[in-house]
Amino acid sequence: MKIGVYGGSFDPVHNGHIAMIRSALKSGFIDCVIVIPSVRNSFKLYTNKLPPPYRFYMMKETVEGMGLKNVFVSDIEYGIDGVSYTSIVLAKLTSDEYIIPFLTDNGIKRKKAEEHHEFFWIMGSDTLGTFENWYKPGEILNYSSLLAAVRPGDDTDVEKAKASIKKNLGGKVEIFRLDGIECSSSQITSSGDYSLVPEPALEFIKRHALYTENTKLEGVSDEARKQFFEAAVWMYRYLGGKRLLHTLNVGYLSAHLAGLYGCDKDKALIAGALHDCAKELPIEQQLEMAKRYSGDLFTEKKIIHSSAGATFVKEDLGIEDKDILDAICYHTTGRGNMTVLEKIVYLADKIEPARNYMDLGPIRETAEHDLDEAVRMTADAVRNKFKSQGREMHPVTIQMMKDLGMLSE
Ligand SMILES: [Fe+2]
Ligand SMILES: [Fe+2]
C-alpha cells in the first residue's frame, strides 16, 4: 500500500488541513492517509494552545464526523519519550510491529496490512525549501518519500527544491496540487473567527469550552503549564478519551476559579487536571493505593479512585505537595475544614463545561462570585441524588455539610 503520513499540531483542525488530506488522496500517489497530531513537536514544545489529547480527540472526531474515507488518526507519538522528531516518528510508524496492527485495527485486511508499504510524508511546498535543515533529513528519506502540496498561485520554486533534495540527500519528492483555501490555526484562534473550522471540531471545541479565556492559562507559571501538558500525555495511557478530557477540563476550570478566589493557580491547575487519574486502574490496585494514602477512610468502589489518585501522582509523577494531594484525595467526598483549593477542585469536578447530568447553569453562575454557596448547591444536588438512590453519605461529606451550615451540628 502507498501510505501518506500527515503530522501537525491541529490546534485547532481547520478546512485547510482537510483540503490537504483530500487533495493528497486525490493525487493518486497514495491509498490512505495516517494523520498524526503532535505530542512534543520540536518547533512548538509546550507552546501549543492545547495539550496533546484535546488535539488528538478533536482530529479523531472530525475524521469520523466528516466520514473521511481511508483516513486514520494515530496516537503513535504518545509512545515516544522526548521530542517527536519526524525521523523518530517515521522509524516507529514504518516498522512492521506498528504498522500491521495499526492498519488491521483500522479495518484493512490482514493480508493487505502485511504487504510491503511505501510511505509519503505530506507537507506544504513552503516547508519543502527548508527540508534540508530539518532534524536528520537523510534519515526521514530512508523511511519515506516527500509528498508536497502546491497551492494555486504558489510561487515556491518546487523544482529547484526537489532537485536540491535529490542531489544532496538522494530522496524522492512528489508534487501534488492542493485545492482549497489557505488558512492557519493561529489566525483562527487570534481572530476568534471559527468559520473555517469543520463542524465536528467546532462541536468539540464548544463542548469543552476550548480556546477561551480559561484555556489561555494566564497567571499560570511556565513550569506548571509544562507539568499540565506532560500530565495529560501521562494520563493518556491510563484513561479513555471521555474521562481524560473531563479531568483536563477540571484542571482549566480549577485554575480559573483559583484566580477568582485568591488561590494558587498552578496548584489548582495540576490538582484539577489529575484528580481522576486513577479511576480506570484495576479496582484492587485502586484499593491498595487508596489505603496507602488514607488508610481505611475510603473503601467504597466509587470513591477510592480519589485517594488512590493521590498515591498515583505521588509515586508516578513525584508530586509531593500536600495541598495538591489532598485536593485530589477529597475531590469526590469533600471533608470538614476544607481548604479553598479543595473546594475548588470538588466544585470544578461537578460543573466543568462538558458535564451535563443536570441543569448546571445556576451553580456555574454562582461559582463565579460565591465559592461556598456554589459548593453548597453542589453538595445539595449530591445529597438529593444519594437520597433517591437510597445511599448513605460518607461521614466526611456530612462533616463538610455541617461546616457549610447545611446540617446542624
Ligand atoms: Fe472522581
Ligand atoms: Fe471527575
Side-chain angles (χ1 to χ4, degrees), residues 51 53-54 57 207-210 214-215 228 231-232 234-258 267-283 285-294 297-314 316-317 319 323-335 338-339 341-358 360 363-364 367 374-375 377-379 381-383 385-386 389 391 393-394 396-397 400:
Y54 284 111
Y57 287 109
R207 189 188 329 138
H208 298 287
L210 303 172
N214 291 0
T215 62
F228 174 57
W234 173 74
M235 284 190 288
Y236 181 85
R237 265 184 278 170
Y238 302 105
L239 297 175
K242 196 171 176 210
R243 182 159 288 120
L244 175 54
L245 300 177
H246 155 70
T247 202
L248 296 176
N249 286 350
V250 172
Y252 277 129
L253 182 56
S254 296
H256 164 68
L257 294 172
K267 289 188 187 189
L269 174 69
I270 300 306
L274 285 163
H275 81 281
D276 267 344
C277 67
K279 200 156 181 173
E280 293 178 13
L281 294 176
I283 205 79
Q285 197 181 346
Q286 286 188 40
L287 252 178
E288 184 271 324
M289 283 176 149
K291 236 189 174 77
R292 270 192 285 143
Y293 193 78
S294 51
L297 185 60
F298 301 118
T299 49
E300 204 192 310
K301 275 187 186 170
K302 283 192 172 169
I303 298 177
I304 51 171
H305 72 278
S306 314
S307 75
T311 298
F312 201 22
V313 304
K314 196 173 165 189
D316 263 53
L317 300 180
I319 294 177
D323 301 340
I324 293 178
L325 298 178
D326 280 345
I328 294 173
C329 178
Y330 297 102
H331 80 260
T332 313
T333 54
R335 65 163 166 172
M338 282 170 94
T339 62
L341 179 64
E342 286 166 22
K343 286 178 187 170
I344 283 174
V345 175
Y346 172 87
L347 177 63
D349 177 30
K350 320 295 184 284
I351 63 167
E352 58 91 357
R355 290 281 209 186
N356 57 5
Y357 55 92
M358 59 180 257
L360 292 165
I363 306 182
R364 285 182 177 136
V375 172
M377 290 163 84
T378 304
V382 173
R383 172 165 58 184
K385 190 174 134 200
F386 270 59
Q389 294 174 343
R391 285 166 67 193
M393 278 189 305
H394 196 282
V396 291
T397 306
M400 168 182 76

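Every number for a ligand or one of its atoms is a count from 1 in the order of the listing.
A side-chain donor-acceptor contact under 3.5 Å links T247 and H275. For the residue pair T397 and T333, no side-chain donor N or O sits within less than 3.5 Å of a side-chain acceptor on the partner.
Atom-to-atom distance recorded for L341:CG and D323:CG is 6.5 Å, nearest 0.5 angstrom. Separating the CD1 atom in I319 from the CD1 atom in I328 is a distance of 6.5 Å, to the nearest 0.5 Å.
For the Fe ion (ligand 2), the nearby protein N/O/S atoms, meaning those under 2.8 Å, are H246 NE2, H275 NE2, D276 OD2, D349 OD1.
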Between side-chain atoms of residues 238-245 and protein atoms elsewhere (two or more places apart, or another chain), which donor-acceptor pairs fall under 3.5 Å?
from : atom 1 : to   : atom 2 : distance (Å)
R243 : NH1    : E280 : OE2    : 2.7

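Seen from the ring of Y293, K291 does not count as a face-on cation partner, given the 6.0 Å and 45° thresholds.
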